[in-house]
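First comes the structure, then the notes that go with it.
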Amino acid sequence: MVESQSLADHLLSLEAALQTREVRSSETRLRELLVPEFREFGRSGLVYTFDDTISRLVSEVGPNNTAILDFSVSLLSDTVALATYRGVRLVDDDGHKLFTNRSSIWHLDVDGKWRMVFHQGTATE
């Protein structure tokens, strides 16, 4: 089993990568980070499948204007981890911010790579 702090650092880097335009616009990179059975319960309340997520993200436009706060990881087993954090997105030039509680379930594949299985965003103040 990986030491929990290094795992937290690694999963934080993967979560942060998933927020970048570079990764979000790359179908290849998204397929490396998400399992084919991936599901998301979005901040909007909508449910997204793997295919929905890939097509939505690769066509997305806009700035990289997000941040991750209060990131933590809990190991659920040797190969499953729960990441939780608070997401912040700047939505206008006046400094208005949108906050979201986020959670992700990550699975360690047989090839030694962590891939996201599930993600949820819940609106918050």
Side-chain angles (χ1 to χ4, degrees):
M1 184 166 26
V2 178
E3 182 185 325
S4 61
Q5 187 54 48
S6 64
L7 175 59
D9 292 342
H10 181 65
L11 293 182
L12 174 57
S13 73
L14 296 178
E15 291 276 2
L18 281 164
Q19 293 187 8
T20 67
R21 182 69 47 234
E22 179 183 354
V23 170
R24 292 169 88 87
S25 65
S26 169
E27 184 173 340
T28 300
R29 190 72 176 109
L30 289 168
R31 288 181 181 278
E32 292 171 356
L33 292 171
L34 307 176
V35 300
E37 302 81 20
F38 174 81
R39 293 289 179 273
E40 177 179 354
F41 293 165
R43 183 183 199 285
S44 64
L46 297 174
V47 178
Y48 301 99
T49 65
F50 176 79
D51 292 331
D52 296 334
T53 301
I54 299 288
S55 64
R56 184 173 49 93
L57 292 181
V58 298
S59 64
E60 191 177 64
V61 295
N64 288 331
N65 59 356
T66 60
I68 294 174
L69 305 173
D70 304 323
F71 187 83
S72 68
V73 170
S74 299
L75 275 175
L76 304 178
S77 75
D78 287 346
T79 60
V80 178
L82 171 66
T84 59
Y85 61 95
R86 186 169 176 153
V88 182
R89 182 168 49 114
L90 187 62
V91 292
D92 61 31
D93 292 336
D94 293 332
H96 178 74
K97 296 176 183 172
L98 194 62
F99 293 92
T100 307
N101 288 331
R102 298 200 172 270
S103 62
S104 303
I105 297 176
W106 291 85
H107 178 261
L108 181 62
D109 283 346
V110 295
D111 62 0
K113 294 182 181 175
W114 287 93
R115 296 173 72 196
M116 190 182 288
V117 175
F118 176 80
H119 184 75
Q120 180 167 354
T122 303
T124 186
E125 294 295 317

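Atoms CG and CG, from L57 and L18 in turn, are 8.0 Å apart once rounded to the nearest 0.5 Å. Note that CG of L30 and CE of M116 are 10.5 Å apart. Values are rounded to the nearest 0.5 Å. The distance from the CG atom of L14 to the CD atom of Q19 is 12.0 Å, given to the nearest 0.5 Å. Taking CG of L34 as the reference point, atom CH2 of W106 lies at 7.0 Å (rounded to 0.5 Å). Distance CZ/R31 to OG1/T28: 8.5 Å, rounded to 0.5 Å. Summarising the geometry, atom CG belonging to L98 is positioned 11.5 Å from atom OG1 belonging to T66; distances are rounded to the nearest 0.5 Å.
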Y48/H119 under side chain to side chain contact (heavy atoms under 4.5 Å, CB included): CA gap, chis, key distance, verdict: CA-CA 10 Å; Y48 301 99; H119 184 75; over 6 Å; no
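Checked by atom type and distance alone, the side chain of T20 pairs as donor or acceptor with a backbone atom of A17 at under 3.5 Å.
Pairs engaging residues 33-47 under the salt bridge (charged side-chain N to carboxylate O under 4.0 Å, His left out) rule: E40-R56 [sequence neighbours left out]. Sequence neighbours left out, the pairs with a member in residues 107-118 that pass salt bridge (charged side-chain N to carboxylate O under 4.0 Å, His left out) are D109-R115.
The side chain to side chain contact (heavy atoms under 4.5 Å, CB included) search around K97 returns V88, L90, F99, not counting sequence neighbours. With sequence neighbours excluded, the residues satisfying side chain to side chain contact (heavy atoms under 4.5 Å, CB included) with V80 are L76, S77, I105, H107. Residues satisfying the salt bridge (Lys or Arg N to Asp or Glu O under 4.0 Å) test with R29, not counting sequence neighbours, are E32. Remark: F38 pairs with no residue by the ring-ring contact (aromatic ring centres under 6.0 Å, His included) rule, at least two apart or across chains. Taking R89 as the reference, nothing meets the salt bridge (Lys or Arg N to Asp or Glu O under 4.0 Å) condition, with sequence neighbours excluded. With sequence neighbours excluded, the residues that form a side chain to side chain contact (heavy atoms under 4.5 Å, CB included) with F41 are V47, F118, Q120. D52 meets the side chain to side chain donor-acceptor pair (under 3.5 Å) test with T49; sequence neighbours excluded. The ring-ring contact (aromatic ring centres under 6.0 Å, His included) search around Y85 returns F71, not counting sequence neighbours. Looking at residues two or more places apart in sequence or on another chain, you find no salt bridge (Lys or Arg N to Asp or Glu O under 4.0 Å) involving E22. Annotation: side chain to side chain contact (heavy atoms under 4.5 Å, CB included) contacts of T84 (sequence neighbours excluded): S72, L82, S103.
At a threshold of 4.5 Å between side-chain heavy atoms, the hydrophobic network of Ile, Leu, Val, Met, Phe, Trp and Tyr places W114 and L12 in one connected group. The cluster map of Ile, Leu, Val, Met, Phe, Trp and Tyr, joined by side-chain heavy atoms under 4.5 Å apart, puts I68 and V23 in the same cluster.
Scanning all heavy atoms of the two residues, the minimum distance from L75 to A81 falls at CD2-CB, 4.1 Å.
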